[in-house]
Amino acid sequence: MAFKFKKFELPDSGEFSDVDRKGMELLGKHINDQLEMLAEGIKSEEEIVESVKSSLGKLGVSAEKIAEIEKALKEQGSEIRRSMSGSAGKGRTIREQIKAFLSSDEAKRAFAEKRNTALELEIKEAATTITVAANTSAVAALNTEVDRTIHYAPSEDTRVVERLFKGSTNSPNITWVDRKPGNGAPAFIAEGALKPAMDWSYVPETSTAKKVAVSAKISYEMRDDFDYMQSEIDNMLRTSLVQERTKQLLTGNGTGVNLKGIFTAAATYTATALDGTVEMANKADAIRAAILQMRNLNFYPDVVMLNPSDRASIDLTKDSTGHYISDELFRLIRGVEIVESTYVKAGDFLVADTSKWNVRPYKGIRVEFGWVDDDFQKNLFTVICEERLHSYFASVDQGAFVKGAFATIIAALQKPAAESSKVAA
């Protein structure tokens with residue numbers, strides 16, 4: 001498809017010298033280039049007028065004649081715009097049409113006689129239509145807001161671990177003494193009677209600080225070209241280290257380089273007076289029985305840890321009529337904070353008196369930078385994040401931490417079916 005329209009006409013007023021005519025001839029080539037840019041949307045009408053004026057001035061065309069030409073161009077501007085949206089037909093290129101016009105006898109006579117003449121041009125339609133679909137990347141880039149927050153998966157709750165911290169230390173080794181009971185005990189006696197004897201012993205225990213660490217190798221370009229990368233590296237390493245520390249403080253086995261974990265070191269539920277006495281025993285009953293075991297040893301539990309699925313199971317417990325009774329169940333274990341943790345295996349739980357466990361950092365979390373081997377030559381650097389800390393409890397406080405399996409304790413608590421039938425009768 002092509003657009004046909006009438007183009008520039010010489011003004012019929014004023015005298016045109018040989019210099020002016022030479023300018024008109026050279027103007028043809030310049031108009032040719034300008035019209036192509038107009039047709040392609042590269043330049044506006046105003047820009048073309050200014051470009052033509054500048055070229056004429058450089059060729060020595062007088063200022064008066066330039067003014068006349070400018071006026072004529074502007075008067076025909078609206079016609080040019082209308083013509084570009086008019087009917088179309090097939091034809092030669094703009095360059096070919098203008099070249100043929102300027103070399104025609106009609107154009108030469110018009111210049112010589114100083115009269116108006118006109119050229120009809122066919123402007124070919126663009127090969128493709130400009131659409132959003134054809135420019136998806138550019139449109140998306142110009143219509144996209146950048147969220148500068150770096151998002152990451154949530155991490156495990158650290159509330160229980162925070163309860164275990166009891167202040168820092170300046171020593172890699174901590175020693176304490178446990179007083180172990182021996183034989184004998186005080187008693188009321190008669191006048192002049194032999195006083196009862198008793199004894200006890202002292203046993204030293206020791207904790208050695210363990211190290212948790214992580215590192216990453218980063219390029220200088222990554223640090224320099226990515227805003228906030230320095231703080232992101234620091235945050236990522238610290239977060240990862242804290243998560244590993246939390247896991248070890250709960251489930252570490254205490255051997256070798258591992259920390260001693262509260263869940264691993266906890267005593268197992270043994271027995272209480274509740275065993276075999278509870279009808280329709282459930283998970284809340286099992287937790288209450290573990291609390292009783294601790295109270296019998298004079299400990300005061302403040303936390304119960306369980307897997308999220310077991311907490312959900314308690315929330316959804318119903319009575320025989322289909323009504324939820326979770327409020328009643330949780331009243332059974334009031335006084336302890338319930339903390340869900342994915343580090344606790346589904347079906348298990350832990351009740352603890354956290355005042356009896358000690359976590360004491362020896363060297364707090366620190367982040368350092370350095371070069372390894374030929375890192376400097378490669379514009380790389382290594383970041384390390386590490387911490388040394390103690391995790392321990394006195395062996396005399398073993399009973400302050402009780403763990404158990406819901407199924408096992410519920411079975412121990414359940415009242416035998418035969419006795420339940422007798423009561424019902």
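Computed from heavy atoms alone, side chains included, the values below leave out hydrogens, waters and symmetry copies. In this text the structure is predicted, and so the values were computed from the model without any measurement.
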Practice prompt. Keeping the roles fixed (side chain from Asp348, backbone from Lys403), state whether a donor-acceptor pair exists under 3.5 Å.
Written response: no

Item to complete: Test Ile365 against every option in Val212, Val242, Leu237 by the side-chain contact (heavy atoms from CB on, under 4.5 Å) rule and name the one that passes.
Response: Val242

Fill in: Side-chain donor or acceptor of Thr136 paired with backbone N/O of Ala133 under 3.5 Å
yes

Worksheet item: Side chain of Thr272, backbone of Gln293: donor and acceptor closer than 3.5 Å?
Response: no

Discussion item. Looking only at side-chain N and O atoms, does Asn173 offer a donor or acceptor that is under 3.5 Å from a partner on Ser171?
Written reply: no

Worksheet item: Using a distance-only test with no angle check, is there a side-chain donor-acceptor pair under 3.5 angstrom linking Thr382 and Asp375?
Response: yes

Worksheet item: Any chance CZ of Phe369 has more than 12 other-residue heavy atoms, nucleotides or ligands included, within less than 6.0 Å?
Response: yes

Item to complete: Taking atom CE of Met236 as the centre, report whether more than 12 heavy atoms of other residues, nucleotides or ligands fall under 6.0 Å from it.
Response: no

Worksheet item: If only atom types and distance count, is the side chain of Ser168 paired as donor or acceptor with the main-chain N or O of Pro361 below 3.5 Å?
Response: no

Worksheet item: Crowded around Asp373 CG? As in, over 12 foreign heavy atoms under 6.0 Å?
Response: no

Worksheet item: For the residue pair Arg223 and Ile218, what are the closest heavy atoms and their distance?
Response: N-CG2, 4.5 Å

Worksheet item: Any sub-3.5 Å donor-acceptor pair from Asp310's side-chain atoms to Gly347's backbone N or O?
Response: yes

Discussion item. For the CG atom on Asn183, are there more than 12 heavy atoms of other groups (residues, nucleotides or ligands in this structure) within a distance under 6.0 Å?
Written reply: no

Practice prompt. Check step by step if side-chain contact (heavy atoms from CB on, under 4.5 Å) holds for Leu250 and Met305.
Written response: CA-CA 10 Å; Leu250 295 177; Met305 292 185 63; 3.8 Å; yes

Worksheet item: Counting N and O atoms only, with roles assigned by atom type, does the side chain of Ser313 sit under 3.5 Å from a partner on the main chain of Ser309, one being a donor and the other an acceptor?
Response: no

Fill in: Heavy-atom donor-acceptor pair, Arg295 side chain to Leu292 backbone, under 3.5 Å
no

Fill in: Enclosure of Lys378 NZ (heavy-atom neighbours >12, cutoff 6.0 Å)
no

Worksheet item: Which of these, Trp371, Tyr220, Phe381, sits in a ring-ring contact (aromatic ring centres under 6.0 Å, His included) with Phe376?
Response: Trp371

Discussion item. Tell me whether the count of non-hydrogen atoms from other residues, nucleotides or ligands lying under 6.0 Å of NZ in Lys260 goes above 12.
Written reply: no

Worksheet item: Rounded to the nearest 0.5 Å, how far does CG of Leu164 lie from CZ of Phe393?
Response: 12.0 Å

Discussion item. Whether Asp327 and Arg331 form a salt bridge (side-chain N of Lys/Arg under 4.0 Å from carboxylate O of Asp/Glu) is what I want to check.
Written reply: no

Discussion item. Within the supplied structure, the quantity of interest is the number of heavy atoms (other residues, nucleotides, ligands) at a distance under 6.0 Å from Lys345 NZ; does it exceed 12?
Written reply: no

Discussion item. Can you tell me if Met198 has over 12 outside heavy atoms packed within less than 6.0 Å of its CE?
Written reply: yes

Worksheet item: Any side-chain donor paired with an acceptor under 3.5 Å for Trp176 and Ser207?
Response: no

Item to complete: Before giving the answer on side-chain contact (heavy atoms from CB on, under 4.5 Å), spell out for Val161 and Val359 the whole-Å C-alpha distance, their side-chain angles and the decisive distance to 0.1 Å.
Response: CA-CA 8 Å; Val161 170; Val359 175; 5.7 Å; no

